[in-house]
Amino acid sequence: MVRTVAPHLAGRRIVEVRAFTHKPWAQSLGKASGQTIRAVRRYGKFILLELDTGLLAIHLGMTGKLLAGGSRGPYTRAVLVCDGATVLFDDVRQFGSVRWLAREPARLGPDALEVSAEEFLGRLRAHKGRLKALLLNQSFLRGLGDIYADEALFRARVHPLAARLGRERALRLHEAIVNVLSEAVAKGGSSVSDYVDADGRPGWFQFEHRVYRRTGEPCQVCGTPIKRMLVAQRGTHYCPRCQRK
DNA sequence: CTTAATGTTCCCCA
DNA sequence: TTGGGGAACATTAA
């Protein structure tokens with residue numbers, strides 16, 4: 001999303017940010033008017049627009065989208081009007097937000113795409129919870145969500161309920177996380193239900209999903225049916241044979 | 001009618 | 001203090 005929205009916004013002056021919701025986040029948006037967007041970058045799951053003073057932090061929640069151009073629809077919750085460009089923030093379920101912040105969101109762990117193997121191993125050692133829950137915890141690691149947690153665990157052959165990994169498997173998991181995210185970004189993300197980029201184009205990494213929402217289908221490695229269970233209130237997909245605790 | 005859905009946060013309890 | 005369970009938030013689709 002950052003890669004497709006950045007060309008529309010970087011360097012432009014914000015005329016106004018108008019919200020069409022009474023969610024609390026809509027309050028702080030006045031601060032953005034008149035400021036120039038210095039840079040557009042990702043911070044974990046946040047999309048940050050760096051302004052002259054502070055930043056706009058956008059979180060897409062479950063169904064949020066940023067759409068360049070286009071006109072207001074029934075799920076448009078905010079509009080970012082710039083000199084020469086307009087970007088809509090559409091969000092069916094309204095778990096997403098756009099807010100002005102003085103600085104980067106705090107209390108988040110290292111980025112899942114940038115964390116070194118050593119730091120990852122060190123942080124893993126400090127926790128004893130279930131791996132799936134840990135990977136979803138943004139203060140442990142920022143940037144992983146349900147899809148890529150499941151896909152990374154499968155690729156690393158680690159059971160979602162595993163805890164306290166040995167060095168070998170921890171290294172495998174770190175590698176799987178970086179690989180799965182890099183590949184997903186290269187393929188434009190996973191369009192499973194709502195996601196499209198800022199130009200309205202779906203991604204195609206969903207065709208590479210090996211377990212996510214493939215309950216009952218044969219595992220591509222061993223043929224065992226993929227199972228689904230709940231972990232941390234999230235649907236969790238895994239191969240009961242390939243992924244051991 | 002029920003369940004699940006790319007997420008986060010807060011409350012209760014061990 | 002850490003973790004697990006469940007609920008809440010809001011809406012659609014199967």
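Electrostatic pairing of A:Glu168 and A:Arg172 does not count as a salt bridge here, judged by no charged N lying under 4.0 Å from a carboxylate O.
Per the geometry, NZ belonging to A:Lys132 stands 13 Å off P belonging to C:dG5, to the nearest Å. Straight-line distance from the CG atom of A:Asp150 to the C1' atom of B:dG7: 14 Å, rounded to whole Å. Rounding to whole angstrom units, CZ of residue A:Arg123 and P of C:dT2 are separated by 12 Å. As a whole-Å value, the separation of A:Asp91 CG from B:dT8 P is 13 Å. Nucleotide B:dG7 holds its P atom 13 Å from the CG atom of A:Asn137, rounded to whole Å. Taking atom CZ of residue A:Arg93 and atom C1' of nucleotide C:dC9, one finds them 9 Å apart after rounding to whole Å. What separates CG of A:Leu134 from P of C:dT2 is a distance of 12 Å, to the nearest Å. Distance, A:Lys23 NZ to C:dA10 P: 5 Å, rounded to whole Å.
Stacking of the aromatic ring of A:Phe95 onto the base of C:dC9 is found: the ring centres lie under 5.5 Å apart and the planes are inclined by under 30°.
Counting only N and O atoms by type, the side chains of A:Asp199 and A:His8 include a donor and acceptor under 3.5 Å apart.
The A:Gln94 side chain lies nearest to C:dT11 when the options are C:dG5, C:dT11, B:dT8. Comparing B:dA5, B:dT8, C:dG3 against the side chain of A:Gln138 picks out B:dT8 as the nearest. The listed nucleotides are C:dA7, B:dG7, C:dA10; the one nearest the side chain of A:Met62 is B:dG7. Distances from the side chain of A:Asp146 to the nucleotides B:dA5, C:dG3, B:dG7 place B:dG7 closest.
Here the straight-line distance linking atom CG of A:Leu131 with atom CZ of A:Arg164 works out to 11.0 Å at 0.5 Å rounding.
A close approach under 4.0 Å does occur between a side-chain nitrogen or oxygen of A:His127 and OP1 or OP2 of C:dG3. Contact check, A:His59 against B:dT8: a side-chain N or O comes under 4.0 Å of OP1 or OP2. Between A:Arg142 and B:dG7 there is no side-chain polar atom (N or O) within less than 4.0 angstrom of OP1 or OP2.
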Open item on the list: Test side-chain contact (heavy atoms from CB on, under 4.5 Å) on A:Leu101 and A:Arg99; report intermediate values, then the result.
Closed with: CA-CA 6 Å; A:Leu101 299 178; A:Arg99 63 186 96 216; 4.0 Å; yes
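Map A:Val92 and A:Arg130 each onto its nearest nucleotide of DNA chain C; the residue landing nearer the 5' end is A:Arg130. Where A:Gly129 and A:Tyr75 meet DNA chain C, the nucleotide closest to each residue was compared, and A:Gly129 sits on the side nearer the 5' end.
In this structure, C:dT12 forms a base pair with B:dA4, meeting either the Watson-Crick or the G-U wobble geometry with both donor-acceptor distances under 3.5 Å.
Aromatic ring pairs are classed by plane angle as parallel below 30°, tilted from 30° to 60° and perpendicular above 60°; the pair A:Tyr148 and A:His209 is perpendicular. By the 30° and 60° cut-offs, the orientation of the rings of A:His174 relative to A:Phe120 is tilted.
A gap of 22 Å separates the C1' atoms of B:dA5 and C:dG4, to the nearest Å. With P as the reference atom, C:dA7 and B:dT2 are 15 Å apart, rounded to whole Å.
Contacts of A:Arg234 with the nucleic acid, taken as non-hydrogen atoms under 4.0 Å apart, include base atoms.
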